[in-house]
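It should be emphasised that the depicted structure is a prediction, and the values quoted were computed from it without experimental measurement.
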Amino acid sequence: MAKRRIVVALGGNAILSKDASAEAQQQALRDTAKYLVQFIKQGDDLIVSHGNGPQVGNLLLQQAAGSTDKNPAMPLDTAVAMTQGSIGYWMQNALDEEITKAGLDKDVTTMVTQVEVDPDDQAFTNPSKPIGPFYTEAEIKDIKAAHPEYTYVEDAGRGYRRVVPSPRPTGVKEYKVVNALVDAGIVPISVGGGGVPVVREGDRLVGREAVIDKDFASEKLAELVHADLLIILTAVDNIYINFNKPDQKKLETVSVAELQEYIDQDQFAKGSMLPKVQAAINFVNNSEGGKAVVTSLENVGNFLKNGDGTIITK
Ligand SMILES: Nc1ncnc2c1ncn2[C@@H]1O[C@H](COP(=O)(O)OP(=O)(O)O)[C@@H](O)[C@H]1O
Ligand SMILES: NC(=O)OP(=O)(O)O
């Protein structure tokens, strides 16, 4: 099979389920790496991205709890960069272990990646991205009293969470570095946590307090590096219509036009499956012959063997 350039975006379950300790997240990423290494074994050029919603929210809480005049809390753009570093370290370490076990000669590196956004994006005045821990009804009262300046929402019946602005990416500053690394045979971990949100002010890129959706950032990167495939890995093997209903039906190969009809029918939950579907559509529309795939980590082997998963084409 010809060598393919593949951007793989890792969903929340690839890194963190319940236990937010470093040890548990490192173990989750070791398990994740066992699936990802299959792409490398097959000879594909891999570019990895990941989310950071739980981690960056937890980091902000730690920053706030320990902050003093001499040791101030860091702003959100810096916290995103910090999570690119921490999650990237765990992931490159775990992937390296699997590459070594497979007897392959391949290096992995984590890039601090800046993602450009529009300073006038309406998302800045309409926070929507959930970060950090879930709170119960009882807990949220105290949290709101302690931090009335933040916005909180109820997140899909799972509890309350803080939400922050999530502007759409317009560019990836370091995409040429990603290309250079791939051309050199190196696996880059890039646009982690959706990338550090920055806006251009003359010669400078200036950080903004926001968390970009990692599926949209991965899509923008996939476009810029002319990827053949954008693979969005999440907790389900396929996208479904009538999801979680008795007549649910999995989508196997689906066109952009069909997906658009399903969006119009409200088939995909906002804040979970909808952004993945929109990112997949954008990639297929904006690339030359590129396809997008939505499936689970556990199904990577079946995808590589039989093309199982939901494949989005023009
Ligand atoms: N129509 C749908 N088809 C499949 N999954 C759906 C659908 N609507 C909502 N979902 C849910 O969306 C989840 C993926 O979103 P989310 O958990 O936010 O992603 P991530 O893996 O990036 O953390 C799936 O695990 C599933 O529970
Ligand atoms: N940045 C981002 O999209 O993170 P999550 O996928 O963890 O929400």
Side-chain angles (χ1 to χ4, degrees), residues 7 9 47-60 63-64 67 72-88 110-132 147 149-153 161-181 188-227 230 270-271 274-276 278-279 281-283 285-287:
V7 174
I47 299 162
V48 185
S49 75
H50 59 82
N52 71 341
Q55 295 84 355
V56 80
N58 288 356
L59 179 56
L60 285 185
Q63 295 276 320
S67 99
M74 295 294 122
L76 181 50
D77 56 321
T78 302
V80 171
M82 290 159 86
T83 61
Q84 287 188 338
S86 56
I87 299 171
T110 300
M111 292 172 55
V112 172
T113 319
Q114 303 175 91
V115 170
E116 289 173 63
V117 297
D118 179 350
D120 298 322
D121 192 312
Q122 291 189 349
F124 282 112
T125 49
N126 180 24
S128 66
K129 178 89 188 151
I131 60 166
H147 290 286
E149 71 280 25
Y150 299 152
T151 309
Y152 303 89
V153 294
R161 279 179 107 185
R162 182 179 167 195
V163 282
V164 296
S166 192
R168 290 292 177 99
T170 58
V172 177
K173 174 66 176 72
E174 291 84 8
Y175 80 90
K176 289 183 203 145
V177 184
V178 174
N179 272 333
L181 288 169
I189 299 168
S190 182
V191 296
V196 181
V198 292
V199 298
R200 183 156 290 284
E201 290 183 6
D203 291 340
R204 290 176 63 197
L205 289 174
V206 180
R208 283 292 155 96
E209 299 227 25
V211 174
I212 299 169
D213 183 283
K214 60 114 184 9
D215 296 315
F216 288 125
S218 307
E219 185 281 315
K220 184 54 73 181
L221 178 64
E223 260 179 50
L224 291 167
V225 301
H226 301 295
L230 167 66
K270 286 191 185 71
L274 183 61
K276 297 179 197 309
Q278 289 169 326
I281 289 176
N282 289 351
F283 178 64
N285 280 341
N286 297 335
S287 65

I'd like to know if the side chain of [X] reaches the main chain of [Y], judged simply by a donor and an acceptor atom lying under 3.5 Å from each other, with no hydrogens or angles considered.
| X | Y | value |
| --- | --- | --- |
| R161 | G132 | yes |
| S49 | S190 | no |
| E209 | L76 | yes |
| T170 | E116 | yes |
| Q84 | V191 | no |

Which residue in the set V153, L60, T151 passes side chain to side chain contact (heavy atoms under 4.5 Å, CB included) when paired with R162?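 Going through V153, L60, T151 one by one, the side chain to side chain contact (heavy atoms under 4.5 Å, CB included) with R162 is satisfied by L60 alone.
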Are [X] and [Y] close enough that some pair of their side-chain heavy atoms sits under 4.5 Å apart?
| X | Y | result |
| --- | --- | --- |
| R208 | D77 | no |
| L59 | Q55 | no |
| L205 | K173 | yes |
| V163 | S128 | no |
| V199 | E201 | yes |

From [atom1] ([X]) to [atom2] ([Y]), nearest 0.5 Å:
| X | Y | atom1 | atom2 | answer |
| --- | --- | --- | --- | --- |
| Y150 | I131 | OH | CD1 | 8.5 Å |
| L230 | L221 | CG | CG | 9.5 Å |
| Q278 | N282 | CD | CG | 7.5 Å |
| T83 | H50 | OG1 | NE2 | 7.0 Å |
| I47 | N179 | CD1 | CG | 7.0 Å |

Contact summary for [X] and [Y], nearest pair of heavy atoms:
| X | Y | answer |
| --- | --- | --- |
| S218 | V7 | O-CG1, 3.9 Å |
| M111 | P188 | SD-CB, 4.1 Å |
| A227 | F283 | O-CZ, 3.3 Å |
| G193 | V211 | O-CG1, 4.1 Å |
| P72 | Q63 | O-OE1, 4.2 Å |
| S67 | A73 | CB-N, 3.6 Å |

Under the salt bridge (charged side-chain N to carboxylate O under 4.0 Å, His left out) criterion, do R168 and D118 qualify, and how do the steps go? CA-CA 8 Å; R168 290 292 177 99; D118 179 350; over 6 Å; no
Which residue in the set K220, K276, K270, K129 passes salt bridge (Lys or Arg N to Asp or Glu O under 4.0 Å) when paired with D213? K129
Sorted by chain and number, sequence neighbours left out, ring-ring contact (aromatic ring centres under 6.0 Å, His included) with Y152 holds for none
